[in-house]
2 protein chains.
Amino acid sequence: MSRVECRLDGMSLRHALLGLLSERPASGYDLLKLFETSLATAWPATQSQIYTELTKLAGTGLITVAAEGPRGRKEYALTDEGLAELRHWLIETKPQRNTRSDILLRVFFLGVLTPEQAHGYLAELIELSDQGYQSLRRLEESVDWDDGGLSVYGRIALEYGLRFNAMRREWAEWAAGQIT
Amino acid sequence: MSRVECRLDGMSLRHALLGLLSERPASGYDLLKLFETSLATAWPATQSQIYTELTKLAGTGLITVAAEGPRGRKEYALTDEGLAELRHWLIETKPQRNTRSDILLRVFFLGVLTPEQAHGYLAELIELSDQGYQSLRRLEESVDWDDGGLSVYGRIALEYGLRFNAMRREWAEWAAGQIT
DNA sequence: AGTCTACATTCCACTCTTGACATGTCATTA
DNA sequence: TAATGACATGTCAAGAGTGGAATGTAGACT
């Protein structure tokens, strides 16, 4: 009740799991698959990370083991406390952390390469952006957009990815033109 | 010479430092300031991280203490080995790591909020993007673009930031329209 | 009956990153 | 001369994230 929880800024993985469980109960394995498909672009996570965090979340009562299945399968479900925590995370305006981009970081130092090599790097970026764009288009076609609550906002997140890749491609083309 | 260096994927901070030192020698303090200004958008780093990494880099011979100054100031300079490592990092096509974005992650779960609250979140994003854009515009005006090698590619990186923030603003406005 | 694939979890060792704490010096200016 | 602010470095604990190894079960197909 009156526990003093010194909530830190990070812990987005925790909230990603709560968010996915807010839709429907799922096992660690299910969640891993969901991360690989829907959340991969926003917040990639590995198997070991997910299972570790699930154990912690169950320990603090934000989720519970709702059912046990065939192969030692544990199906987790969100508790009321967990939903409250998820809402808190979404509403309480946590100043969002700066994103890191090693792609952009490299750009700063392209001056140590020859112009040809720099062009090569930008060409790679263009290809990468194209691939990202195409892969999202394929995802768009394969997903059933009449699904759950994730579908509305999942579609919005996907649009972000499309626009981002398009933007990056155009920028890289422009940048290539800037290098004599 | 024939050391077998099992280079891992990450360690971008290391290369960010090598990159900055490729321009001119600098102290930890100088580098901290450079991170705050030029590299802040691409790869934020804290003081403790920078000093720790500088010590490590000096230990492995990628940089050296070129001079000592007034207040225990140690001026580091890139060695030939360090330059080689920087070039290696830039050229050897390391598949770039996925970026994490808690901003985008939240979007997936806006369904647990009311439409009004979701609109509120998107409005925050619009404001954030505007602020980012304006702040980069101000940086653009304050920087001497006839400076060193960083200026050409620094300008290109800055353009990336401008386009990114503009894209995100437009996307958030579009997204707000998608929510009934 | 044997084999293969998908399902399913746990543990470990390591690096990266953050945020705070701790310490001290030089130059300016009030 | 005393205070202040910019300069300058170092250390530590804890959380976040990576990558791999180890283990085993259920179902489907041959």
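Naming: A, B, ... by sequence-line order, numbering from 1 per chain.
The side chain to side chain contact (heavy atoms under 4.5 Å, CB included) search around A:E75 returns A:P25, A:A67, A:R73, not counting sequence neighbours. Qualifying salt bridge (Lys or Arg N to Asp or Glu O under 4.0 Å) partners for B:R87, counting only residues two or more places apart in sequence or in other chains: none. A:R100 pairs by the salt bridge (Lys or Arg N to Asp or Glu O under 4.0 Å) definition with nothing, not counting sequence neighbours.
Note: CG (B:L57) to P (D:dG10) measures 13 Å, nearest angstrom. With rounding to whole Å, B:I50 atom CD1 is found 16 Å from D:dT11 atom C1'. Atoms CG (B:L105) and P (D:dA16) sit 14 Å apart, rounded to a whole Å. For B:E53 and C:dT17, the CD to P distance is 9 Å, given to the nearest whole Å. A straight line from CG of B:D102 to P of C:dT17 spans 16 Å, rounded to a whole angstrom. Rounded to whole Å, atom C1' of C:dT18 lies 14 Å from atom CG of B:L32. Between the P atom of C:dT25 and the CD atom of B:E68 lies a distance of 16 Å, rounded to the nearest Å. Separating the CD atom of B:E36 from the P atom of C:dT18 is a distance of 13 Å, rounded to the nearest angstrom.
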Please produce a list of atom pairs where a protein N or O lies less than 3.5 Å from an N or O of nucleotides 3-7 of chain D.
from	atom 1	to	atom 2	distance (Å)
D:dC7	OP2	B:Y29	OH	2.9

Any protein N or O atoms within reach of nucleotides 10-14 of chain C? Criterion: under 3.5 Å, listing atom names and distances.
from	atom 1	to	atom 2	distance (Å)
C:dT10	OP1	A:K74	NZ	2.9
C:dT10	O4	A:Q47	OE1	3.2
C:dT10	O4	A:Q47	NE2	2.9

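In terms of modelled atom types and a separation under 3.5 Å, the side chain of B:Y160 and the main chain of A:R168 share no donor-acceptor contact. Checked by atom type and distance alone, the side chain of B:W171 never pairs as donor or acceptor with a backbone atom of A:F164 at under 3.5 Å. Using modelled atom types, no side-chain atom of B:S12 and backbone atom of A:D102 make a donor-acceptor pair closer than 3.5 Å. No side-chain donor-acceptor contact under 3.5 Å links A:E127 to the backbone of A:E124. Side chain of A:Q117 to backbone of A:T114: a donor-acceptor contact under 3.5 angstrom is found.
Under 4.0 angstrom from either OP1 or OP2 of C:dT18 there lies at least one side-chain N or O belonging to A:R100. Between D:dT18 and A:Q49, a contact under 4.0 Å exists linking OP1 or OP2 to a side-chain N or O.
Between A:F109 and B:W89, the two ring planes are tilted [angle within 30° to 60°].
Comparing A:G72 and A:P44 by the nucleotide of DNA chain D whose heavy atom lies nearest to each, the residue mapping closer to the 5' end is A:P44.
Looking at A:R14 and A:E53, a side-chain N of the basic residue comes within less than 4.0 Å of a carboxylate O on the acidic one, giving a salt bridge.
Side-chain proximity of A:P70 to the nucleotides D:dG15, D:dG17, D:dA26 is greatest for D:dA26.
Axis angle across the helix from C:dA1-D:dT30 to C:dA30-D:dT1, with five pairs used at each end and values rounded to 10°: 10°.
B:W174 does not carry B:R169 over the face of its six-membered ring by the limits of under 6.0 Å from the centre and within 45° of the normal.
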message: Could you walk me through whether A:E140 and A:R137 satisfy the salt bridge (Lys or Arg N to Asp or Glu O under 4.0 Å) test, starting with their C-alpha distance in whole Å, then the side-chain angles of each, then the deciding distance to 0.1 Å, before giving a yes or no?
response: CA-CA 5 Å; A:E140 190 177 27; A:R137 276 278 181 241; 2.6 Å; yes
